[in-house]
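To keep things clear, I will list the structure first and then write my remarks on it.
Computed over heavy atoms, backbone and side chain alike; hydrogens, waters and symmetry mates excluded. None of these values were measured; they are calculated from a predicted model. Throughout, protein chains are lettered first and strands after them, A, B, ... in sequence-line order, and every chain is numbered starting at 1.
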Amino acid sequence: MTGSLPTLTAMAENRQDHAPATGQRRSTVRSLLRLWPYARAVRGRLAISATAASLAMLSTLAVPVVLGRIVDGPLAERDLDALWPLVGLLLLLGLIEAALFYTRRVVLSRPLGRLEAAMRGDLYAKLQRLPVSFHDRWGSGQMISRATTDMNAMRLFLAFPLVFLVVNSVTFLAGTALMFTQDWRLALIVLAPAVPLFLLTRRFESGYSVSSRLAQDQNGDLATVVEESVLGIRILKAFGRHRSMAEHFREQSHLLRRTELRKAHLLANLWAVIVGLPEIALGCALAVGAYLVAHDELSAGTLVAFLSTALALRWPVESLGWLLAYANEASTAVDRFFEVMDEPEPENPGVATTLGAPDGIRLTGVRFRYPDAPEGTPDLLTGIDLHIRRGETMALVGATGSGKTTLTALLPRLYETTAGSITLDGTDIRELPREKLRELVAVAFEEPTLFSATVRENVLMGAPGADERQLASALATAQAGFVDKLPAGADTEVGEQGLSLSGGQRQRLALARAVVGDPPFLVLDDPLSALDVHTEALVERALREVLGSTTALVVAHRPSTVLLADRVAVLADGRIEAVGTHQELLRDCPHYRELMSGEAALLPEGPFVPNGGHAR
Amino acid sequence: MTTTVEPANAGPAKAGRAKAEPVEEELPAPPADEEDIPVPPGAPRALLRSLLGPHRARIAVAMVVILVQQAALQSGPLLVAVAMDRGIPALREHDSGPLIAVVAAYLFCAVLSPVLQWAFIKISARVNQDILLDLRGRIFRHAQRLSLDFHERYTSGRIISRATSDIDALRELLSEGLQELLTVFLSVCYISVLLVVLDWRLGLASLLSLLPLALIAHSFRTRSRRVYRRSRTAAASMIVRFTETMNGIRPVQAFRREKANDAAFAVVNQQSSGANAEGFLELARYVGLSRTAANLWITGIVLLGAYLVTEDALELGVLTAFVLYLRRLFDPVDQLAMFLNSYQSAAAALEKIAGLLAHEPTVAEPAEPAELPQAAGKGREVSFERTSFAYRTGKQVLPPFDLLIPAGQTVAVVGATGAGKSTVAKLLARFYDPTDGRIRLDGVDLRDLATPELRRGVVMVTQESFLFSGTVAENIAIGRPGATREEVEQAARDIGAYEFIAALPDGFDTDVRKRGGRISAGQRQLVAFARALLADPAVLILDEATSSLDVPGEQAVQRAMRTVLAGRTAVIIAHRLSTVEIADRVLVMDQGRIVEDGSPQELIEGSGRFAALHRAWRDSLV
């Protein structure tokens, strides 16, 4: 899409915001060590698994010995009686080996599943508790890829590569020791590539980590594009833009492809070196060994033994390539996981449990700017002083974009004020535990979001203790009579995975959710915007009763909503410009008059020129 | 304080329904489908074929490369043997030729093998990535092509999981699995031949072991297929829950859903990882069983061999070599397990993906697209002819109706929630196709228009005001991708959005998802309007597009509409009657029927519903 959707630079920038600079990247091992708190729970199982794998390897090595005995002993001597115990031993070893293979996996399967679930559950729990401003910054696609692809990478790493890294290293060390006892000269030749290999893998690691991290981020970006394309499907359809979106997606996935190819390129280089260098060294050892044997400085038997040992070490060394790749991917996945987990959760020092004298809501010198706003931007709210008396309904009116919604988000502490204080009945909201605060302050958002749950659950979210009667009365207040006509009434599943309700229906349920259980403080953000005139009137009438017994702040765009309130506050330039009744403000506040009626006349009388169209 | 007047109270409403009776609601769209769309038999296989097809040549090259590479790799031990048997005796005779030749051959293989390995990784990575790119693109494009009714049922989370975690499963198979399968296959072939050559009786007896091994593998596949299907489904519901929470984080926190959500998520989370663990267990079982079978077989062969040796029917050396090679025949069992594991997981994923891809959009592109005739003016004529609409469940929303909207007319559609206004708009925008009858644009059936042609004709602005990540300018430019900056700014200016956009930290270049780019619902609606203006369609549909605007904002929009809509055909759906002021004609709908039709003036002066509504609305103004 030619620039009309996010550009690639924007995406790259996006990443720069979050990803730690590559220079300060943690080493692979240090990243992986951060898994310890989770891996602790499975450390015993990991040890068993590694032991089983090592033992299996030993029994694999023992089998040729037994076979040799069979051949040299009973068979050579045609002594069938002596054959049985050895064959029995062979069978036993085979069964033990199979059991160990089974054990190695079986001990890890469920614990690793639990570990994965624990990590994902923690990520989810953490994300739920991080401030809204955090979610503003991160696309949810990035979070999805952390919860799925990254988790998978970590689980896989713990399941196979980690165990093999241990087993193969042990094998390698044991094999090396053995080679030195056989012939130290040849051993030195065979080990000569170790130094360059070590250096090369170090280099590989740093390069691969960067690419692997990039691929994971690009995967997240891709998930974001998919998500947006689905959430914005109506717009894309309405403008026939699905091709451009697909084009955008294609660009993104080409970026990912390029990174993946880069990873493959690095891996191919590493493999070539890891496979090639030892083989060349082995060739040299063969030449030198043969020379030594020919000159009787080495026995032929020792050379054969040496070379078979060296060949047996092929696999542990070669496997290093993909083990390292796995380890790197897991470590960058761990980094991404802890990037979220390290994010500080908002402190919650509040301990107050009771409110003071019935004073209502009082905002004093409240200033606010979004925490991620660029340096130098002026505060959005520049000193709000407002007092909503106990039992009073205050309408909040202001031009589009003046910060009304932002102000409402400060009351339940979805965002923290930059300065100033907000008190509920004299108690500073920061002294209340969040949980308690949000119980006291019920909110109906501008965008009514329903969750995948029944209507009942969605509404009762507002007051978990509320009973059937309160549910019915909340639904009645919101004029949500349509609920009775749903297939299962209030037990009908709605939300993403249930019935999709219309905007107006969702808004009424969201309103019911806010008013259920008669919350002492109510914040309604343009609660009637999606309702038709008729329903709006009905809701207003019912709402008026509810508002009579609660302290409320109602964001209003239209006169009809304003009329719900006892008084009106006008928000302009980040301050409360005026407070008064509707009539007073109409009289005294030109800005208010303009907001309520438009600049010109009360009714913009348009020329009604009826045209010839008619229904047939 | 003025009170609002009950509309139904205020006038002699035609239908005379009880005053407080709640408005008749539109039944919501049919419930979400249970778990997944059915997968036509053979679809996954066909999908796989079509994915691999274009890469046949490269796959063949990769196979040859790995074949030669394996040969080079396997020749190592052989060359060592030659060096021992021939090279050293020759060297003792002071003939270094054979040893040099063997060592040279060894070094040659030592260089060839990694080079080929390198080439194989490069080629296969390219093939894999191209396949994944292809498949990702297919899923994405197809999801975009599918009709709205589908998107209303199939949650966004599930589409995301198709395009992410299912693709991951496939990626795993492609990146490791295929190479494993190839090497396993090659080594089994190589060793089988060797065994039969060494001793045909023992060889055949050994090859018989492949039978029980195949049976075990088969049983594993059958059992794990079930597990992996469950695992894909569980992963999808986990993702659905996850996205839902993240997208609704404000209400989640405001209504203290954290703990309840933790518990609900734990269920799907455990199901997902439980299914994974289950798969892992199946794998362990498979490995254990096949190892047991293989080792039993080896013991049997040793016994048989021992018998033959004692009968002097077999040489001792042959038996030794034979048993050593026999073990290598079974070595790949473990590798095969890895392959089968990723294969099963990928097969389940592919099945889900194939199901999605096989789902045909109900609103299909025409096979032979028609073109719109040259328009006389800016607008086009719209005609509904015996058009009716019912949900899949059969519940009728719109009974058959006729409606002619002449080119250039602005029509306002009013009525209670659920009266069917939005359905009319969605039919005209071809979000849905009518169940019966047709809708014509300048005489051409909408169903005969290809999407680009249709969208030059009809564009709809909905009340939803989703913004895509990117800058404000980019969001407006969705209306017309080729538009210049001047055109974008002009569109914003026309609709009264210029001031607020210019006041954003980076003006039109402000990223809407970042730093200070917070844009209120009302402002988003203005952006949506600017987008529609830029699209410059012949027919513009506005569906509750001003619901979040304040009065001045709405008036600015109306002023703009008066000039912008001039000559265009427009259908405006609104709760707020202010919008009606700019209409040439008003339709009042009730329960799916058009019950009043006339110019605003006529209807206001009449005694129908509209007159009542209008009075109520006027009273609600200042």
Distance-only donor-acceptor check, side chains N219(A) and T149(A), under 3.5 Å: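 No pair is found: no donor N or O on one side chain lies under 3.5 Å from an acceptor on the other.
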Residue pair E227(A) / T243(B), side-chain donor-acceptor N/O under 3.5 Å: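 T243(B) and E227(A) do not have a side-chain donor-acceptor pair below 3.5 Å.
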Pairwise distance CD1(I249(B)) to CD(Q128(A)) - rounded to 0.5 angstrom: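 Answer for the CD1-CD pair, I249(B) versus Q128(A), is 6.0 Å.
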Distance in Å, N276(B) CG paired with R110(A) CZ, rounded so as to fall on 0.5 Å steps: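 Answer for the CG-CZ pair, N276(B) versus R110(A), is 12.0 Å.
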Cation over ring face, R241(B) and F265(B), 6.0 Å, 45°: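 Judged by the rule (NZ or CZ under 6.0 Å from the ring centre, within 45° of its axis), R241(B) is not positioned above F265(B).
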Ring-face cation of R513(A) near F255(B) (centre distance under 6.0 Å, axis angle within 45°):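 Cation-pi check for R513(A) and F255(B): passes.
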At a heavy-atom distance under 4.5 Å, which candidate from [options] has the highest pair count against chain B?
options                            : result
R120(A), E116(A), E97(A)           : R120(A)
K237(A), E260(A), E279(A)          : K237(A)
A238(A), G121(A), A125(A), G283(A) : A238(A)

Contact leader toward chain A among [options], where contacts are heavy-atom pairs under 4.5 Å:
options                            : result
G288(B), A110(B), G137(B)          : A110(B)
M246(B), R257(B), Q253(B)          : Q253(B)
A254(B), S113(B), S165(B), A163(B) : A254(B)
T164(B), V309(B), L454(B), I298(B) : V309(B)
T299(B), D262(B), V287(B), T292(B) : D262(B)

Within-4.5 Å side-chain heavy-atom neighbours: F140(B) and M245(A):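 When only atoms from C-beta onward are counted, M245(A) and F140(B) do touch, with a gap below 4.5 Å.
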Structural part of A429(B) lying under 4.5 Å from a heavy atom of chain A: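 Contact with chain A: none, neither part.
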Proximal component of L107(B), with respect to chain A [non-hydrogen, under 4.5 Å]: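 L107(B) touches chain A through side-chain heavy atoms alone.
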Residue pair T406(A), Y370(A): steps toward the side-chain hydrogen bond (donor to acceptor under 3.5 Å, both in side chains) verdict: CA-CA 9 Å; T406(A) 307; Y370(A) 281 102; 3.0 Å; yes
Check each atom of [X] against the heavy atoms of chain B and say whether the ones under 4.5 Å are side chain, backbone, both or neither.
X       : value
L83(A)  : side chain
E446(A) : side chain
T405(A) : neither

side-chain hydrogen bond (donor to acceptor under 3.5 Å, both in side chains) evaluation trace for S452(A) with E244(B): CA-CA 8 Å; S452(A) 296; E244(B) 192 180 62; 2.4 Å; yes
